[in-house]
Amino acid sequence: MTAGIGRPRRLPVAFFARDATVVAPELLHKLLRVGSGRAAIDARIVEVEAYTQDDPASHSFRGVTARNAVMFGPPGRLYVYFVYGMHHCVNIVTGASGDGQAVLVRAAVMDGIDPRRSNGPGKLTVALGIDRTHDGARANLLDDGAPSPAAAVTPRIGITKAVDWPRRWVAPWPGPEVGHVGS
DNA sequence: AATCTGATCGTG
DNA sequence: ACGATCAGATTA
């Protein structure tokens, strides 16, 4: 992806301490950094989905459980879960502690990685090497001054409840269409 | 204890 | 359109 446009600034916890529907679109084109030092991998976020507690499709809808506990914890942490017996998905926890909400990172662009290898929630975690051991870890989001894209809000993907809620934001994608589950 | 259902992805 | 594959949540 493009080299640093500005000096990367780490987003403060306050950034995440707001409603998921507000934070989600602002996460577009921010960098999600995994690892540190020379092992650090950056992913420029290009597709997100917001999940709040009042959302029937959210894992937090029915209250705290062992799996979703992190969603109810402090903002700015990673909520990682395992689904379909084979895929991991990463979320950035938002809102105040006690409020179960998060933003699912559905796609990102990575330097030297074929976009088709990171254009889906499950594929992205593989590309970033994220698994359940990252659940609850502090998220490392960077703002390198990349211009904010004109976020397009659309219905969500891959869920069966409240599908129509406009809580999915997609940024211009440099390669082939995002995902294959068109809408 | 048993059943059901996925915030997905690759293949047919 | 469908199967893979299993953990977590729900129901009995």
Side-chain angles (χ1 to χ4, degrees), chain A residues 16 18-28 30 32 34 41 43-95 99-110 113-137 139 141 151-171 173-183:
Chain A
F16 307 98
R18 296 174 293 155
D19 195 84
T21 56
V22 173
V23 178
E26 292 187 24
L27 281 174
L28 292 176
K30 292 296 188 297
L32 170 58
V34 177
I41 305 176
R44 192 173 299 282
I45 299 170
V46 295
E47 183 182 346
V48 295
E49 264 178 13
Y51 286 92
T52 49
Q53 215 175 323
D54 61 323
D55 178 357
S58 175
H59 289 170
S60 60
F61 187 64
R62 293 167 193 275
V64 189
T65 64
R67 177 179 64 162
N68 68 20
V70 175
M71 285 185 84
F72 291 83
R77 309 279 282 280
L78 296 180
Y79 164 47
V80 182
Y81 66 91
F82 187 64
V83 262
Y84 295 115
M86 57 190 86
H87 298 297
H88 290 284
C89 294
V90 225
N91 294 253
I92 309 297
V93 177
T94 60
D99 195 357
Q101 50 169 266
V103 174
L104 170 67
V105 182
R106 296 188 54 87
V109 180
M110 278 175 263
I113 302 287
D114 185 323
R116 289 171 298 185
R117 287 274 97 208
S118 59
N119 63 346
K123 294 193 276 184
L124 180 60
T125 52
V126 170
L128 286 171
I130 291 178
D131 58 31
R132 277 165 297 187
T133 64
H134 294 80
D135 188 40
L141 270 291
V153 196
T154 78
R156 295 175 294 185
I157 281 185
I159 56 178
T160 58
K161 302 161 192 160
V163 193
D164 53 308
W165 291 27
R167 289 176 166 216
R168 170 176 176 247
W169 287 266
V170 191
W173 184 256
E177 194 37 63
V178 178
H180 66 289
V181 189
S183 79

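We name chains A, B, ... by the order of the sequence lines, and we start the count at 1 in each one.
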Would you check if Ser118(A) and Lys123(A) make a side-chain contact, meaning some heavy-atom pair closer than 4.5 Å?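 In short, these two side chains do not touch, never coming nearer than 4.5 Å.
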
[X] [atom1] to [N] [atom2]: how many Å, rounded?
X: Asn91(A); N: dT8(B); atom1: CG; atom2: C1'; answer: 14 Å
X: Asn119(A); N: dC9(B); atom1: CG; atom2: P; answer: 8 Å
X: Glu47(A); N: dT8(B); atom1: CD; atom2: C1'; answer: 13 Å
X: Lys123(A); N: dA7(B); atom1: NZ; atom2: P; answer: 18 Å
X: Arg156(A); N: dT8(B); atom1: CZ; atom2: C1'; answer: 16 Å

Between CH2 of Trp165(A) and OG1 of Thr52(A), what distance do you get to the nearest 0.5 Å? 5.5 Å

Nearest-0.5 Å distance that lies between atom CZ in Arg44(A) and atom CG in Leu32(A):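 Taking CZ in Arg44(A) and CG in Leu32(A), the distance rounds to 11.5 Å.
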
What closest approach, in Å, do Val93(A) and Phe16(A) show between heavy atoms, and which atom pair accounts for it? O-CB, 3.8 Å

Compare every heavy atom of Val103(A) with every heavy atom of Ala20(A), then report the nearest pair and how far apart it is. O-CG2, 3.8 Å

Set of residues satisfying side chain to side chain contact (heavy atoms under 4.5 Å, CB included) with respect to Ile113(A), sequence neighbours excluded: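 Side chain to side chain contact (heavy atoms under 4.5 Å, CB included) list for Ile113(A), sorted by chain: Met110(A), Arg117(A).
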
With heavy atoms under 4.0 Å as the rule, sort Ile159(A) into base, sugar-phosphate or nothing.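 It contacts sugar-phosphate atoms only.
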
Arg167(A) near the nucleic acid: base, sugar-phosphate alone, or nothing, with a heavy-atom cut-off under 4.0 Å? nothing

Hey, does the side chain of Arg106(A) come within less than 4.0 Å of dT8(B)'s phosphate (OP1/OP2), counting only N and O?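 For Arg106(A), the contact criterion (side-chain N or O under 4.0 Å from OP1 or OP2 of dT8(B)) is met.
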
How does DNA chain B read in dot-bracket, base by base from 5' to 3', with Watson-Crick or G-U pairs under 3.5 Å and | used when the partner is on another strand? ||||||.||||.

Report all interatomic pairs (protein N or O, nucleotide N or O of nucleotides 5-7 of chain C) with separations under 3.5 Å.
residue, atom, partner, partner atom, Å
dT5(C), O2, Tyr84(A), O, 2.5
dC6(C), O2, Gly85(A), N, 3.4

Donor-acceptor list for residues 69-89 of chain A side chains, cut-off 3.5 Å, not counting sequence neighbours:
residue, atom, partner, partner atom, Å
Arg77(A), NE, Gly136(A), O, 2.6
Arg77(A), NH2, Gly136(A), O, 3.0
Tyr79(A), OH, His59(A), ND1, 2.8

Using a cut-off of strictly less than 4.0 Å between a heavy atom of the residue and any atom of DNA chain C, enumerate the qualifying residues of residues 53-68 of chain A by number. Arg62(A), Thr65(A), Arg67(A)

Under a 3.5 Å threshold, yes or no: a donor from one side chain and an acceptor from the other, between Gln101(A) and Thr94(A)? yes

The criterion is side chain to side chain donor-acceptor pair (under 3.5 Å); which residues satisfy it with Asp135(A), sequence neighbours excluded? none

Tell me which pairs pass salt bridge (Lys or Arg N to Asp or Glu O under 4.0 Å) where either residue lies in residues 52-68 of chain A, with sequence neighbours left out. Asp55(A)-Arg156(A)

Salt bridge (Lys or Arg N to Asp or Glu O under 4.0 Å) contacts touching residues 19-28 of chain A (sequence neighbours left out): Arg18(A)-Glu26(A)

